[in-house]
Structure formats: C-alpha cells, structure tokens
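Each chain gets a letter, A, B and so on, in the order the sequences are listed, and its residues count up from 1.
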Number of protein chains: 2
Amino acid sequence: MTITLDQLNAASQAEFTQLLDGTYEHSPWIAVQAWDQRPFTSLAQLKLALVDAVRQAPREAQLALIRAHPELAGKAMLSKTLTAESTHEQGKAGLSDCTPAEFARIHQLNADYNAKFGFPFILAVRGPRGLGLAKPEIIATFARRLDNPPDFELAEALRNIHRIAEIRLNDKFGHSPDLGNLVWDWAEQLGSHSDAGYAERGELTVTYLTDAHQACARQLAGWMRDDCGFDEVSIDAVGNVVGIYHGSDPQAQRLLTGSHYDTVRNGGKYDGRLGIFAPMACVRELQRQGRCLPFGLEVVGFAEEEGQRYKATFLGSGALTGHFDAAWLDQQDADGITMREAMAQAGLSIDAIPALRRDPARYLGFVEVHIEQGPVLNALDLPLGIVTSINGSVRYVGEIIGMASHAGTTPMASRRDAATAAAELALYVEKRGGSEENLVATVGMLEVPGGSINVVPGRCKFSLDIRATTDAVRDACAADIVHELQALCERRGVHYRLEETMRAAAAPSAPAWQQRWERAVEALGLPVFRMPSGAGHDAMKLHEIMPQAMLFVRGLNAGISHNPLEAITNDDAELCARAFQNLLDQLATEFS
Amino acid sequence: MTITLDQLNAASQAEFTQLLDGTYEHSPWIAVQAWDQRPFTSLAQLKLALVDAVRQAPREAQLALIRAHPELAGKAMLSKTLTAESTHEQGKAGLSDCTPAEFARIHQLNADYNAKFGFPFILAVRGPRGLGLAKPEIIATFARRLDNPPDFELAEALRNIHRIAEIRLNDKFGHSPDLGNLVWDWAEQLGSHSDAGYAERGELTVTYLTDAHQACARQLAGWMRDDCGFDEVSIDAVGNVVGIYHGSDPQAQRLLTGSHYDTVRNGGKYDGRLGIFAPMACVRELQRQGRCLPFGLEVVGFAEEEGQRYKATFLGSGALTGHFDAAWLDQQDADGITMREAMAQAGLSIDAIPALRRDPARYLGFVEVHIEQGPVLNALDLPLGIVTSINGSVRYVGEIIGMASHAGTTPMASRRDAATAAAELALYVEKRGGSEENLVATVGMLEVPGGSINVVPGRCKFSLDIRATTDAVRDACAADIVHELQALCERRGVHYRLEETMRAAAAPSAPAWQQRWERAVEALGLPVFRMPSGAGHDAMKLHEIMPQAMLFVRGLNAGISHNPLEAITNDDAELCARAFQNLLDQLATEFS
C-alpha cells in the first residue's frame, strides 16, 4: 500500500513517523525531526528534509544511525535477524548466496573496515532501475572505500544511507522516476560503444570520428527520430547530431540546447551526454502528449569537446559559432591520420562546415545541463545546482632552476634547492586559492626531473591552473602567485621560467536564463543553490554569440569525473529532466 | 727576480705592499691589510692572509676589486691598456687572437654578464702547470656562470681573483708545486681511459672490470712500480691495485691508505683517485730520497666503490674487511654479463677473494684523502679540511596518497591534495635539517606520477635522505620527520606509505688519527677546519676493522662532484701531498 504527500502533511508526528517507518534503519528520530518541516510540496523536498535532519544531528547520532545498519553479508544475514528491507536489498544484490571465497573476502573487508572506521560498511546495493549491483562491483567498492580518509568515509556512509532511504521512499510512494530511468538507460546503451583498444578492457573511450564515435552519432540520431519524435534529425558536417522539434510556427525562434557525446579516455557515461539525453527525454514527453511549444527546440549532440584525438577542443560547438579552424584539418592523430582524412572517411563534407554557423537572431538562447564533475553538490546532499558563471582560467607551466648538489655534503645553508622552492610555491598557491570564494588554484604537475635520492634538486618543474568566476579575481590571484614566485626565488637564490599556456575568459550566465533555472529548481521543491562551473563546457562557446545558462546535476563518488566511477542516480536524472520541462513551460508562458 | 718569505716578514708596510704589487689588480689595500698578519711561516699562509683581507672587506671594496679587472678579450685588450700580468694571462689563453665570431660571442657574453651582475666576468685563465684554458672551455664557463645567482657569482668572481693571485704569487716566489703537478698530471692521464660509449663523447666513466677499468689498474700498477718505486705491486683477486713500500723492517706494521679508481657515469677525475695519487707521490719522494720509514706503507687503489655496473658498493674495500658477498657474483650488468663472468674475463681468481681479508693487527690504521665533493671548503677559501666523522645516514622512499579530483571543480576546502601535503613535508625536512649543525636532510625525488595541469594530485612520490655525524642526531631527525608526516597527513585527510631503503652507521674518526691530520695541516701554516663527511667513503668500510681518519681537499666549482666539472688546483693537490708527508713524518717520529 502506497502513501501520499497529502497523508503525510496531514499526519500527527506519531502517524508521520509510523508512515515513514523503515525508511532509515532503526532510527525513527529522523522522521520526528522532519515532521516540523511540513507541508511538503514534493517527494524530493521530503527526502531533503530527512537528509537535513541527519546533517544537523550531532556526530554521535550520525554514528548511531550508521551502526544501526547490518554488515554486508554479515552475521545478521546469516542469523536471519536483518530488517525486512535489508533482507530484500542484500538478497537482490546476490549477497545471500555468496561462495565461501566471497564470504571470506567480505568477512575480511568487514573486519578491516570496522577496525579503521569503527562502523560497518554501508552501500546502497540496489542501483537505479531496482537492479542490484553485481557482487564483484560491491567488493571493489568496498576495497576502494577502505582507503578513504575517516571523515570523508563517515559522510560517504551517510550518503549511502540516504540513497537507501530514497529507494525505500520511492517504494512507499509508488514513485517511479521514469524520465530518469530513460536517461539512465540511454547512458548505459550509449556507453556500450567504445574505441578499439579500450572496449576490450571494458573502458569507455569515444574520440572524434572513430567507429565507436560514429556509432554513437547514429544511435543518438536514431533515438531522436524513432523514440522521441523530433521533426528533423541530421548529422552535420562536423559530426554533430542535430534534432529539431518545431514550434507551433516552424519559423519561430528556437531554444538551443545540448552537450557533447565524445569522451575522454577511460571516461564516464554522463559527462556531456546527460545534456543531450535530458532535453531528448523532454521532447519524447512533449511528443507523447502531442504537445507543441510556441518556440522551436534544437537539441545538439556535439561531436567533439574534449580535444582527445586532435587538439581541437570545442570543435562541435565551435562550428556553430563560426570558430572552426581550418588549420585543425591537417593535424594528425597518434596513428598519423589527419582530421581531413578522418572526416572524409566518415563521409563528412568539409566544404559544408562554414554553413553550420548559427545566426543568433534565430535563437532565444542556449541552455545546457551537465554532471557537476566536482564534489560540491554531493557533499551538500543537493541533487541540482544553478551555474552562475563558467570560470575564467589561466594556465602556466614553469620550472625552478637551482643548483644540483650532493645531498650528503651540501650544508642546508648552502643549498639552492629547486624542489623546496617549488614546495613553497605550491603551498602559497594552495593558500592564495583558498583566500576567497569562487577561486581555485592548483599545482597539478610537480616533478624533479631525473631526481635522485642523494642529490639536492637542481630543477623542479610545475604547472599552475587558476580559475575564478570573474577574470579580475583570476588575474589578481595570478599576479600574486607570480609575485610570490619572484620573491621566493630571489630569497632562495634560485631562478625560474614561467610560460602561460592557456587563458580563457569567464562566461557568466545570462541573468534572465539563470533565473529560469532557479525557478525550475524551486518548482521541484528543492533549494536554489548557485555555484560556478570550474570546468569548461560547450556553453562557453555559445556564450560568444548568445545568452546562456547551465544546470548542474550531482555526481556520486565525491563527484569524480573523467573516470569510470563517474555516476549519477536515476532519481537525480529525473529531477534534472523535470527541471528542464519546467524551464520549457516557463518559456512557453513567456511566449504566449 | 723572486722574493722570499723572509724578505716579506722583515718588510715595512710600504715595502711589503711594493713587493706584492700586481698580485691583486690595482688593489694595494689588500697587501696593506695582510701586512698585520706577519710573520708568515708558509706561502700558503700568506695566500690565505690576502684572501682573508678580501673576505673581511666591505662589499663595496670587494666590488671595486672585481671592477678593477679588465673584461676578457675586452676593450682594454684591444686598446693595449691591460696590466702586464693580464696581458700575459689573456695572451696565454689565446684570447688575443680570437676569430671575429669568437670576439662577437665573448662580446655578447660580456654585455649579458655585466647587465646581470654589474661587474666584469673574471676567470683564472691560466690553469695548473701554467697552461691556458682552451678558448671553447673559457666560453662554456662564461655561459654557465651567467646562470649563477648574483651572490654566488660575486663569491665565484672573488675566488677566481684569488686563484689568479695565487698563480702570480707562485711566479713571484719562484714556487713550483711539484707534487701537486705530479698528482694533477696523473689524474689527467688516468682520466684518458673511459668506458665504451662514454669515451666517444669525451665523458669519463670507468665501471668495474671494463676494458677502461683494467687499463686504469695496469696504469696505476705501472706508475707504482716504475715511477714511484714501491717494493711490491700487484692487482688482487677483485681488481684492487696494491702497492707496498716496506718499512726498514719488512715485517713491521703498515699504514694502510688509498681510495677507489672506478668512477660514476660521466664523473670527475679526482673522486677517489686523489686518495691513491697523494700517497703515491709521497712514496715517490721517499724513494728518490732513498728513505725508508720505520713502518710499511700499503697503498690500495680500490677497484670498486661507486656501485655503478653492479649493485655492490664498496666491493674493493669490502674485500679487505672480509665483506665480499658471494651473492654479488650472480648479478648481471645491463648487458646481462654476470660479475662472475666479468671477473673470469679479467683473469681474476674468485677463489682467492677470501684471502684478501686483512688482519687488523698487522696495521697501524687507515687514512684516506679525498676531494670534498661539497661546497664547504670552496666557500670558506680553505684548501684542506679534517674529517670528524663519516656521517651516518638513513634513506626512505615514500608516497602520499590523497584523492585526485578536478582542478576546476574541487573547492580548495574539499581537496585531498597529495602534492601540497608532500610540499609541506619537503619544507619541514628542509627546516629540520637546518635546525642543528652536522645534520642534513633532503627530499631529492619529488613527483606527482602522471600529473595533469588540471587535476588535483591524488598521489605524490618522494624520497628522504638524512645524514648526521652521529646516529643519534640522525635518528632524532628521522623520528621528527616521520612524526610530522603523520601529523600533516592526518590534518589534511591524506595517508602515506614510507619505506626505509638504506641505513648506515656513522663512522667517527679515531681521535689520535684525526689529531695527526690536524697537526699536518697546522704544519703547513693552514687553519685547522673540522667537518663531517656527508658522503660515504672506503674509510667507512675499513672503520669496521681498524682506526681511520680522512683529509678533505677543496673542490672548485662550488664543490660539484659526480660531474665533469669536478676540479681541484695543483696548489691544493700540493698541500694535500705535503700534509700526507707530514703525517708520515709524525708516525716515523712516534715509531722511533
């Protein structure tokens, strides 16, 4: 028997707690706390209220909640004293029929984990679509999380508890995140195409115009045409997949949206692709409802954003802004194949590229949804974030040159140690990067070339990456860092070389478009959380010719990206698609 | 006409200054200052007094001294306004007949150097034996020194001025450092043998039992037998060259001395070899004088100390202490040749190795002279140093493990940056290493493996090398560093791995033997400067079975070693040989 929000909103505290019984293992106090937050306008809001009750609880209560959970395939399972919910979940994951070797491995992991953290390992073993995680995946995750720092792992345990609670609540409410599941399924299917050499290892790599890349384009075009009902679907002269869902007047202005379908090497399934699937899901719904918007919707799967096979980042979106650089055509990939040859083999017509340039007057603007690729939303337990600006960035590579000398015979005061000079720089970069909001600064590469254990380093190479929501904040940070580098080199009697390798202007969101995303998130009953985008996106290119704004979706696993562990939940994908629908509805209202 | 110390000691200040006119370019104030230090018991003492006058002068006076020198092949040479001394020296170096291209290059270097440092480039262009440096060598040195930090280069300019003054004083005194020249010539000749692949590039590499190595052994044995008059000369079962100069009673105890003749790859001519040549020169003198000591003198050229071809460091001296490890015989070099095969090819008898072990009762002790391989004596303008202890050492390799994350999207507060954690460690190591005398600590290797400009480092590898005159000081430093590593990792939410890879006990000098070196240095009119040895030496092995003490000789070029720039002067080699003679005389007196 399912329950409803109306029932909950009308319930006494005791009834409320009873209705939610079993959502959080042995911990009715969470529902008791959340009761104060009634009325709830959405299931998502209720879920967040429960999460907040745990977030605000003292650490002891959080630990007690974690410890109220059974070990995976542990004693409680063997002695059949699990709660009904846990029995169901652990059974679905196949944990009730482990082999003796699997039991032994899990037993050892349980022991190690408990010894390190002082609480049992908790994993939401029911994945999206209600499917259980496979046993090898569970064991691999267990081993990986054993390496986490304790405070991080405590938070990760709580996040898994909230995910378990979310799935249990979906069951209680009879709620099925259909759009999210659709997106999730598309991501799985598109993820089955991978470049030669990677596919064999089970790794996802789709680089520009490979066989896998072309298969992805055909797949996307097929879904757009056959499953979603776009009016026009084509693969353009650079390989972008373009689907148009006409407005009631086919000549009406269009909303442009989309993201890229290429990937980095051994990347994740959602980076880029989520921004194609979410509007596809919306069009599919519009078409099922026989509904037409007063404006057109143009969804583009950009062929290239990551710059992996050729150094031609943002090739796909750049073609739409008229920034396709003809010099790229002569670049060779690692096998010596030029881009020109690759395009010819793929049947693309280079002569048609200039015509891809869009006339901004024909468009309302550009929106893009994207997985966050960072830890912020995950750490805050928020499914969605509104992007305020795509950060401006500047990058340098540098080297400090001191004097190599014997580590045994050179007194500390006589040294010209390039590595400790670089260390001092790295710590300054870290401090300066943390000195204000919306700024990050990173030394990502650090190396004493040919270093020896018994030689005082004479050289140390490093890189610098500085990003901020505004170019002014970025530039002030860069100036301070260069100044500090000069000062510390002078003080230490070493010198340096520094080369700027990249500079990109910040792309602030268009206020009106950012506000539409904010209203869409509010309409879901979720808090409006604004954040900068630290990574670059296709929206940066479109920003050059039309207003743009982006929506971020929480990434699991600390927001890891460019990595096979990149992941989202079907429930978050659902919220993302619903927010997109709301944005379309807002525009429809504005238009009429 | 030559002058004498007696003349100088009896001179008025004005006469003294007049006698030394031209020693330092246009700077009579230096002699004026040194006059106070009379009487001088040796030319070396006079030279040091002049050096000290410059050391104690204000920086402005030092700069004026440097600026009193002409540019190399500069305007003064072209307009023939050089001092007589400079004309002679620059002419000897072939600078008066440069090609137009060489003039242009030197002109540019002069301009760059003056612009950077504000004074002219000064180089002692007359090398040992009065030979001029070759023009290409002068130009290379010029270009290299242009890269020095300004304060270091100021000191380097003064050191060259002192070297020029030393050569001019030798001329004035009619002093010829004959033993030093002999040592210097031997080093040049032995340096002409180099392993295949290195010889072609003009690099010096002599590794265990190569053709070049065996040629060196034959060369040393030949010199010992034919030039020096050793009574017994042999190449032993591990390739050590052993020369014995019997005492008046051939059964008398012997003084053992020597050092190694193998080199590192692309190494220097003096590391090790100086410790063979110096006692060889003494024996040559004894034999020329028909003099016999009341004790025997056994000079060993150790075949292997550097551990380059095989991992068998101290193989040569280890054979004398009974520490030849039979397991080494099966090690393969880079070409797959085992040590056993290499020894067989060289005609060595493996069965005879155990008999190489020396009976300590037959020896007085072990002394070794060695180039310092560090910057200390050079920076202090001292030719000789007395070793107090060969430092104890401990080495580690380690890794900090954080969490790799996106450099653009991970807020500073959410990072687990392995590189900044390692940076913090490196700065602590530097600070702790400098916190007490006779201690050094080094992070020689530092690397973010596979680091990317846009990724917060998830791993950072490093090495640690800690050395101190006593094991207790070394161990306290290591404990503090490990404690700091633990604390900073905990604070930063990262973890670490640390593996100890080497630990060697300190080898303090035997007091009676150290005092003999001190008296020998005093007898030369030089100050007694005591210092630890940061590098390991054959004396460390002999330390295990008999008393030992070492004497260090100043290395030029900031004391660089394991490098072709490693160098000494013939005058310093002379002082070293004279100190060795004095030590032999002391022992002879003690014996009689």
Could you look at Ala558(B) and say if it's the side chain, the backbone, both or neither that has a heavy atom under 4.5 Å from chain A?
-> side chain
Quick check: are there more than 12 heavy atoms from other residues, nucleotides or ligands sitting under 6.0 Å from CD of Glu437(A)?
-> no
Which portion of Ala379(B) sits near chain A, non-hydrogen atoms under 4.5 angstrom = neither
Where on Leu439(A) is there a heavy atom nearer than 4.5 Å to chain B: the side chain, the backbone, both, or neither?
-> backbone
Could you state the interatomic distance from CE (Met412(A)) to CZ (Arg432(B)), rounded to the nearest 0.5 Å?
-> 10.5 Å
Using a cut-off of under 4.5 Å for heavy-atom pairs, which of Pro149(A), Gly450(A), Gly451(A) has the most such pairs with chain B?
-> Pro149(A)
Relative to chain B, which segment of Leu464(A) carries a heavy atom at a distance below 4.5 Å: side chain, backbone, both, or neither?
-> backbone
Residue selection (most heavy-atom pairs with chain B, distance under 4.5 Å) from Val376(A), Asn438(A), Asp151(A), Ile560(A) | Asp151(A)
How long is the gap from NE2 on His406(A) to CD on Gln373(B), to the nearest 0.5 Å?
-> 5.0 Å
Show your working on side chain to side chain contact (heavy atoms under 4.5 Å, CB included) between Thr501(A) and Ile453(B) and close with a plain yes or no.
-> CA-CA 10 Å; Thr501(A) 58; Ile453(B) 201 165; 4.1 Å; yes
Looking at Ala426(B), Ser452(B), Ala419(B), Gly434(B), which makes the most heavy-atom pairs under 4.5 Å with chain A?
-> Ser452(B)
Leu427(A) vs Glu424(B), side chain to side chain contact (heavy atoms under 4.5 Å, CB included): CA-CA, chis, key distance, verdict = CA-CA 7 Å; Leu427(A) 290 180; Glu424(B) 202 177 328; 4.2 Å; yes
Can you measure from CZ (Arg415(B)) to OG1 (Thr442(A)) and round to the nearest 0.5 angstrom?
-> 3.5 Å
Looking at Gly402(A), Gly374(A), Gly536(A), Gly408(A), which has the largest count of heavy-atom pairs under 4.5 Å with chain B?
-> Gly408(A)
Rounded to the nearest 0.5 Å, what's the gap from CG on Asn557(A) to OG on Ser405(B)? Could you check?
-> 13.0 Å
Top contributor to chain B interface from Ala418(A), Pro375(A), Pro150(A) [non-hydrogen pairs under 4.5 Å] | Pro375(A)
Measure Phe462(B) against the heavy atoms of chain A and call it side chain, backbone, both or neither at under 4.5 Å.
-> neither
Counting only heavy atoms closer than 4.5 Å, note whether Ser561(B) contacts chain A via side chain, backbone, both or neither.
-> neither
SG (Cys460(B)) and CD (Glu447(A)) are apart, to the nearest 0.5 Å, by 10.0 Å
Could you look at Ala407(A) and say if it's the side chain, the backbone, both or neither that has a heavy atom under 4.5 Å from chain B?
-> both
Could you go step by step and tell me if Arg492(A) and Glu430(B) meet the salt bridge (charged side-chain N to carboxylate O under 4.0 Å, His left out) rule?
-> CA-CA 12 Å; Arg492(A) 287 174 169 271; Glu430(B) 181 181 51; 2.8 Å; yes
Tell me, yes or no, whether the heavy-atom count around Lys431(A) atom NZ, taken from other residues, nucleotides or ligands under 6.0 Å, exceeds 12.
-> no
Under the side chain to side chain contact (heavy atoms under 4.5 Å, CB included) criterion, do Met445(A) and Asn454(B) qualify, and how do the steps go?
-> CA-CA 9 Å; Met445(A) 299 194 283; Asn454(B) 61 342; over 6 Å; no
Non-hydrogen atoms of chain A under 4.5 Å away: do they reach the side chain of Met403(B), the backbone, both or neither?
-> side chain
What residue, out of Asn563(B), Asn148(B), Asp465(B), Thr420(B), has the most heavy-atom pairs lying under 4.5 Å from chain A?
-> Thr420(B)
Please say whether more than 12 non-hydrogen atoms of neighbouring residues, nucleotides or ligands are located less than 6.0 Å from CZ in Arg144(B).
-> yes
Honestly, the part of Ser414(B) sitting under 4.5 Å from a heavy atom of chain A is side chain
Chain A contact via Val443(B) - side chain, backbone, both or neither, heavy atoms under 4.5 Å = backbone
Is chain A contacted by the side chain of Asp147(B), its backbone, both, or neither, given a heavy-atom distance below 4.5 Å?
-> both
Which residue out of Ala404(A), Ala441(A), Ala413(A) racks up the most heavy-atom pairs below 4.5 Å with chain B?
-> Ala441(A)
Can you tell which part of Val456(B) gets under 4.5 Å to a heavy atom of chain A, answering side chain, backbone, both or neither?
-> both
How many angstroms lie between NZ in Lys461(B) and CG in Leu446(A), if you round to the nearest 0.5 Å?
-> 13.5 Å
Around Glu436(B), counting heavy atoms of other residues, nucleotides and ligands shown, do more than 12 lie under 6.0 Å from its CD?
-> yes
Honestly, the part of Ser393(A) sitting under 4.5 Å from a heavy atom of chain B is neither
Okay, Val440(A) and chain B: the region with an atom under 4.5 Å from a heavy atom over there is both
Is the number of heavy atoms from other residues, nucleotides or ligands within 6.0 Å of CD (Glu500(B)) greater than 12?
-> yes
Relative to chain A, which of Gly559(B), Gly493(B), Pro449(B) shows the most heavy atom pairs under 4.5 Å?
-> Gly493(B)
Among the listed options Cys489(B), Pro411(B), Ser533(B), Ala422(B), the residue most often paired with chain A at heavy-atom distances under 4.5 Å | Pro411(B)
